[in-house]
> 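Sharing a structure with you now.
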Protein chains: 2
Amino acid sequence: MTSRKVVSFENIKVACKNCSLATLCLPMGLTPDDVERLDSIIKRGRPYHRGDHLYRGGDKFHSLRVITSGSVKTYSPNEDGGEQVLGFHLPGELIGLDAIQDDCHTCSAIALETTAVCEIPFSQLESLSAIMSSLQHQMYRLLSREIGQDTEMLTLLGKKSAEERLATFLLSFSERFKQRGFSASDFFLSMSRHEIGNYLGLAVETVSRLFTRFQDENLLRVERKHVQLLDIPRLYDIVQGSDSAKSSQSRG
Amino acid sequence: MTSRKVVSFENIKVACKNCSLATLCLPMGLTPDDVERLDSIIKRGRPYHRGDHLYRGGDKFHSLRVITSGSVKTYSPNEDGGEQVLGFHLPGELIGLDAIQDDCHTCSAIALETTAVCEIPFSQLESLSAIMSSLQHQMYRLLSREIGQDTEMLTLLGKKSAEERLATFLLSFSERFKQRGFSASDFFLSMSRHEIGNYLGLAVETVSRLFTRFQDENLLRVERKHVQLLDIPRLYDIVQGSDSAKSSQSRG
DNA sequence: AAAACGACTTGATCAACATCAAGAATTTCT
DNA sequence: AGAAATTCTTGATGTTGATCAAGTCGTTTT
């Protein structure tokens, strides 16, 4: 009896239908029936701790993963010891899509803090999507969205100044936290300055100086990992490039 | 009778089973029967001329497109009139994948020379892939590959020097021409220096100077759009970063 | 063929950001 | 708690590649 209760409790925890992230995640747009079927193949492992790898480049690919709490950094370890940070992932986001191509992870994923994930065995997902057109459609959409996000990032790295990059970075987190029901203007970043710089193609020192400058200009307040955005409209102006940022200074 | 012959000829031209690109393209890994079914939904339009748009950002999305001859540039028109070149596409390559997300093209595609394409209505492709698991698998692989390529490009723009970028660019074309049965060391680039620079996040002048420098160093010969790679191994050394390029100079 | 235009090249200068260096603040380890 | 190791910040200097400017070559127009 007791064990039945425990099992039941576990099931509830895993179920997409009870998950606040469902609208951001794989179940988006699926009927409750379809969500139930999807649920049947999803597994939840034990949580990862800061610094634990979810997978490493070269590992055989079995499962896509959705972050359910915490945050994850993906990076591609490059030949000469260095690394390129590819992304920071928040709850509801799906990672591992790049590994479908040849059944092998091309990049690594590491927990930035205590992090829980749902695992979705890809071969089962594939089979299920063959008989559930809504799921297939959602998969195509998610893969396409990933491509769209990557191309936005290409524009960022190809054309934008350091200032524009950091503003874009901050607003991306602002929007994503907001979507998840958290404050859009007051949050903690789980990654280091070094990781931010690597991601944005900037030196650590440049990132640090920009935080200081943004603070001096009353765009934000920052203390270590804690960031408070004070003038989101002006940050958006900065993202747009063109030094219109100054002209549209918020009525202070 | 005559008209039957013409129709038949047209059919042969369109058929994937007779296409030399099949192994690079959507039919890759499909059985002949499956290729036949895929064929049934593919359309070929009239060729595009240099400067013609295949689609523009904002257009409603109907079809994926495969280049069958010629070449195409994709770019995202950015707010302030400028553009970010996202890619150059050769025969066998599939474009439009980013538009699946919300049925709307997010970027534009323009022919760099006389170019023929196959059109694949996406809704039909989706339906077909629901009943052809091999096709579904291939679609997932292609989408995943696109993501992988984008992340490689992120590393290029985030971390690499101008020299490394141009070497990477040239070797990418070398490899792709080779795959298609053309010379890996002697080819014509269909895009301008300006477009190369935009794509690589460099100024036109920098691209021009690098071509000159590479030529001075006997890495290649270049005249206008015509490029001959003279020392491919050393170009690979340059791509690797670390100035090992000099030490592994080819035995001259 | 001459003229006009656009693409490419080359040179000179400049600016943004990287790198080097050192110190301050935090976190981790024992 | 105290020491060691990180992480972050700040300053000084350097370098890469952008920008500005001018000229050459090639192509298109008339």
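Convention: sequence-line order gives letters A, B, ...; per-chain numbering from 1.
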> Measure from CG on A/D216 to C1' on D/dT9 and round the result to the nearest Å.
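One finds 12 Å between C1' of D/dT9 and CG of A/D216, rounded.
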> Any side-chain donor-acceptor pair under 3.5 Å between A/Q84 and A/S76?
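Absent: no donor and acceptor within the cut-off.
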> Do the side chains of B/E113 and B/R50 get close enough for a salt bridge, i.e. N-O under 4.0 angstrom?
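No.
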> Using side-chain heavy atoms (C-beta onward) and a distance below 4.5 Å, is A/F88 in contact with A/L112?
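Yes, side chains in contact.
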> In whole Å, what is the span from the CG atom of B/L189 to the P atom of C/dC8?
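These atoms are roughly 10 Å apart.
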> With a 4.0 Å cut-off on heavy atoms, is B/S192 in touch with a base, just the backbone sugar-phosphate, or nothing at all?
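Since only primed, P, OP1 and OP2 atoms lie under 4.0 Å of B/S192, the category is sugar-phosphate.
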> For atom CZ of A/F182, decide whether the heavy atoms of other residues, nucleotides or ligands shown that lie under 6.0 angstrom number more than 12.
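Open: at most 12 neighbouring heavy atoms sit under 6.0 Å from CZ of A/F182.
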> Take the protein atom CG of B/L210 and the nucleotide atom C1' of D/dA18, then report the distance between them rounded to whole Å.
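Checked: the CG to C1' distance equals 13 Å.
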> If you look only at pairs with a residue in residues 145-154 of chain A, which of them pass as a side chain to side chain donor-acceptor pair (under 3.5 Å), with sequence neighbours excluded?
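Not a single pair qualifies under side chain to side chain donor-acceptor pair (under 3.5 Å).
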> For a 4.5 angstrom cut-off between non-hydrogen side-chain atoms, does B/I95 reach B/V117?
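No. Closest side-chain heavy atoms not under 4.5 Å.
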> May I ask you to say what B/A162 touches in the nucleic acid, namely base, sugar-phosphate or nothing, with a heavy-atom cut-off under 4.0 Å?
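Answer is sugar-phosphate: B/A162 comes under 4.0 Å of backbone atoms only.
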> For A/G197, answer base if it contacts any base atom (sugar-phosphate contacts may also be present), sugar-phosphate if it contacts only those atoms, and nothing otherwise; contact means non-hydrogen atoms under 4.0 Å.
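Nothing: the residue A/G197, judged by heavy atoms under 4.0 Å, touches no strand.
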> Specify the separation, in whole Å, of atom CG of A/L200 and atom P of C/dA16.
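For the pair A/L200 CG and C/dA16 P, the rounded distance is 18 Å.
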> Taking five pairs at each end, how big is the angle between the two axes of the helix from C/dA1-D/dT30 to C/dT30-D/dA1, to 10°?
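About 50° separates the two local helix axes.
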> Let me know, please, whether A/V207 or B/T212 comes out on the 5' side of the other along DNA chain C by nearest nucleotide.
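The 5'-side residue here is B/T212.
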> Take atom CG of A/N198 and atom C1' of D/dT7, then tell me their distance rounded to the nearest Å.
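To the nearest whole Å, that distance equals 15 Å.
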> On the six-membered ring of A/F173, is A/R176 placed so that its NZ or CZ lies under 6.0 angstrom from the centre and within 45° of the ring axis?
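That pair qualifies as a cation-pi contact.
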> Do nucleotides 20-30 of chain C as a string where each nucleotide becomes B, S or -: B if the base has a protein heavy atom under 4.0 Å, S if just the sugar-phosphate does, - if no protein is that close.
B-----S----
> When you measure from the side chain of A/T206, which nucleotide among D/dC8, D/dG17, C/dC17 comes out closest?
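Comparing D/dC8, D/dG17, C/dC17 against the side chain of A/T206, the answer is C/dC17.
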> Could you check whether B/D98 and B/H105, counting side-chain N and O atoms only, form a donor-acceptor pair closer than 3.5 Å?
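No - no donor-acceptor pair under 3.5 Å links their side chains.
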> What is the distance from NE2 of B/H194 to C1' of D/dA18, rounded to the nearest Å?
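About 14 Å, once rounded to whole Å.
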> Considering only D/dC8, C/dA18, D/dA18, which nucleotide approaches the side chain of A/K225 most closely?
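Minimum distance to the A/K225 side chain belongs to D/dC8.
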> Is it true that B/H89 and B/T74 share a donor-acceptor pair across their side chains at a distance under 3.5 Å?
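The answer is yes; a qualifying pair exists.
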> Tell me the interatomic distance from B/F211, atom CZ, to C/dA7, atom C1', rounded to whole angstroms.
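These atoms are roughly 13 Å apart.
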> Report the distance from atom CD of A/E164 to atom C1' of C/dC17, rounded to the nearest whole Å.
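Nearest whole value for this atom pair: 14 Å.
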